[in-house]
Amino acid sequence: MKSTKTQPSPEREREPSFFQKLFGNLCSCFQDASIDEKPTYTPAKPVKKAPSVVQPRRVSRTLRSSESVHTNHGPERVFESPTPARTSISLESAISPNGTTNEQDIAQQGDMIDSHVHFGEQPTEPIDFADPPLPEVKRYGEGNWLLPPIAKEDEGKKCLILDLDETLVHSSFKYIEPADFVVSIEIDGLQHDVRVVKRPGVDEFLKKMGDMFEIVVFTASLAKYADPVLDMLDHSHVIRHRLFREACCNYEGNFVKDLSQLGRNLEDSIIIDNSPSSYIFHPSHAVPISSWFNDMHDMELIDLIPFLEHLARVPDVSTVLNLQL
Amino acid sequence: MSVPIDRINTVDTLANTLESNLKFFPEKIHFNIRGKLIVIDRVELPILPTTVLALLFPNGFHLLLKHEGGDVSSCFKCHKIDPSICKWILDTYLPLFKKSNNAYPSKIAFNPISNTTLVLFLTECCNIYLFSENKKPVDQKIRSDLLEQTFKNNDVFESADKKKIRKGLSDGPLVDALQHCGFRYNDKWAKRVKEPKLMSLMSYIITTVESSSLSEEFLSKILKLWGQPGNKCWWINEVIKVNGSLINVWRRKQWLLEVTIMGNRENSQD
């Protein structure tokens with residue numbers, strides 16, 4: 001039977017998205033891309049090893065976004081259009097002795113779904129925005145790296161790049177469960193409270209990883225949200241650097257974290273992210289982790305520690321993480 | 001690269017979109033799955049496990065409304081699931097529902113479920129990471145052999161002599177609960193495939209259980225997984241000796257368990 005063909009959608013004629021236009025000009029991955037053409041990813045130039053320069057010893061601190069170059073163009077839009085996220089259910093929590101579903105729980109689950117927000121990460125489709133452009137990302141050295149030269153205290157360590165949302169924490173605008181902390185952010189002149197819950201084991205994970213790695217948090221969220229969250233999360237002060245949305249590349253509608261732009265040797269770079277599209281450029285340097293929303297039985301961060309301890313000792317992490325046969 | 005199996009589109013969005021737009025989709029939906037043509041009736045979409053739907057339609061169903069997939073020339077290209085797995089699901093899973101009406105997750109609060117059959121769909125993704133004693137890349141043949149060895153160890157639950165590896169995997173309440181739902185301790189995966197050219201395996205098993213055989217309390221728990229898969233992840237470590245050298249083998253095993261209601265027996269079309 002012949003299928004009925006629907007009328008062509010006006011969306012077929014849609015112009016390149018805001019991000020395609022924006023990153024087509026700003027992101028180095030799209031060098032020479034025309035604003036009128038759909039950007040395609042151009043392979044980055046051969047990766048240069050970060051220069052081995054002895055830096056004067058300095059007090060270890062995290063570079064905040066406030067120290068980056070900002071260009072203000074009126075009200076900012078902090079978040080992407082929210083994509084309803086499902087609540088993660090642990091098999092164990094589903095069957096735990098205290099886990100009983102009743103009408104109230106079902107209603108709450110509905111509310112939970114509605115209230116869970118992706119803070120700017122991974123839109124499922126390119127979204128047109130009329131918002132002002134993102135702050136210009138600060139670059140370092142002749143290679144225009146995203147990170148400054150490695151600090152003396154981190155020399156010899158590998159670089160561990162961590163995603164934030166649904167990897168280390170989950171955030172929501174609504175009261176769902178007791179929050180570990182609440183951050184207040186301004187959106188279009190109004191203050192909003194964001195309730196943040198930490199993934200189980202995150203404190204121990206960060207502390208132990210901080211001993212072994214140079215830790216960079218790389219998130220596709222906006223700094224005005226992510227910065228205060230990290231301020232409260234990183235009470236051990238182990239996170240050396242923070243990178244936000246403006247440091248990401250837009251590739252086919254996804255925010256991609258290009259490790260070759262960091263200014264670190266790729267063989268020493270590991271990314272942990274719940275979104276495979278974030279590391280699509282460097283799958284051989286990625287450790288997958290499941291998305292986390294509210295499952296207090298989750299042990300994945302803790303279980304990762306011994307694996308990463310092994311990984312910290314290999315000369316080239318891709319020899320382990322590359323699943324190719 | 002193996003795709004983490006829980007990285008799927010919003011389940012509720014999928015379900016809601018599907019229910020409200022099914023009649024506007026092409027009657028036959030054509031897929032190019034890793035080079036194989038597979039055709040699925042649109043009426044079968046609501047019955048498929050949501051984990052499978054998410055792999056087939058990672059960006060949702062909006063393209064179906066534009067007649068994408070309606071014929072061979074506009075096949076949906078899908079590389080996230082093995083075609084033999086997809087065919088196995090069509091041949092094994094769908095027939096379970098052919099003579100029953102299917103209940104949608106959104107109707108959970110309204111449908112009586114005391115006299116029905118639950119279908120449990122369990123998926124495992126297993127990635128294998130190898131560390132050599134000398135810190136050099138592990139030889140290709142050794143990698144292939146280890147993958148084959150893991151592939152042949154087809155037990156759903158770790159065998160008894162490996163309890164020391166992960167006690168929770170073989171002794172925990174999770175396993176007890178699964179056995180209560182129809183899984184057996186000695187079950188083998190019903191379908192297992194190696195991902196192409198990867199140190200990665202995908203495994204599947206389906207079981208059914210009568211709702212009347214479960215207590216109300218337990219039933220209410222397991223129904224949390226109706227249309228909303230539950231997940232569990234393990235990192236399992238084992239040191240083995242190959243040709244006199246030690247190799248540290250890490251396996252990341254991730255389970256997704258989804259429950260579907262077969263439908264009320266009194267409404268069956270037997």
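Just so it is clear: chains get the letters A, B, ... in the order the sequence lines come, proteins before strands, and each one is counted from 1. Bear in mind that the values here come from a model prediction, so they are computed numbers and not experimental data.
Taking each heavy atom of A:Ser284 and A:Leu321 in turn, the nearest pair found is O-CB, 3.2 Å.
With sequence neighbours left out, the salt bridge (Lys or Arg N to Asp or Glu O under 4.0 Å) criterion links B:Asp139 to no other residue. When the salt bridge (Lys or Arg N to Asp or Glu O under 4.0 Å) test is applied to B:Glu44, the partners found at least two apart in sequence or on another chain are B:Lys98.
Only the backbone of B:Ile128 comes within contact range of chain A, judged by heavy atoms closer than 4.5 Å. Proximity to chain B involves both the backbone and the side chain of A:Leu311, based on heavy atoms less than 4.5 angstrom apart. For A:Asp316, no part sits under 4.5 Å from any heavy atom of chain B, backbone or side chain.
For the set B:His180, B:Met199, B:Lys136, the count of heavy-atom pairs under 4.5 angstrom toward chain A peaks at B:Met199. For the set A:His310, A:Arg313, A:Glu300, the entry with the most heavy-atom pairs within less than 4.5 Å of chain B is A:His310. Counting heavy-atom pairs under 4.5 Å between each of A:Ile280, A:Leu304, A:Asn322, A:Val287 and chain B puts A:Leu304 at the top.
Aromatic pair B:Phe61/B:Phe24: ring centres not closer than 6.0 Å.
Judged by a 6.0 Å distance limit and a 45° cone about the ring axis, A:Lys157 is not positioned over the six-membered ring of A:Phe213.
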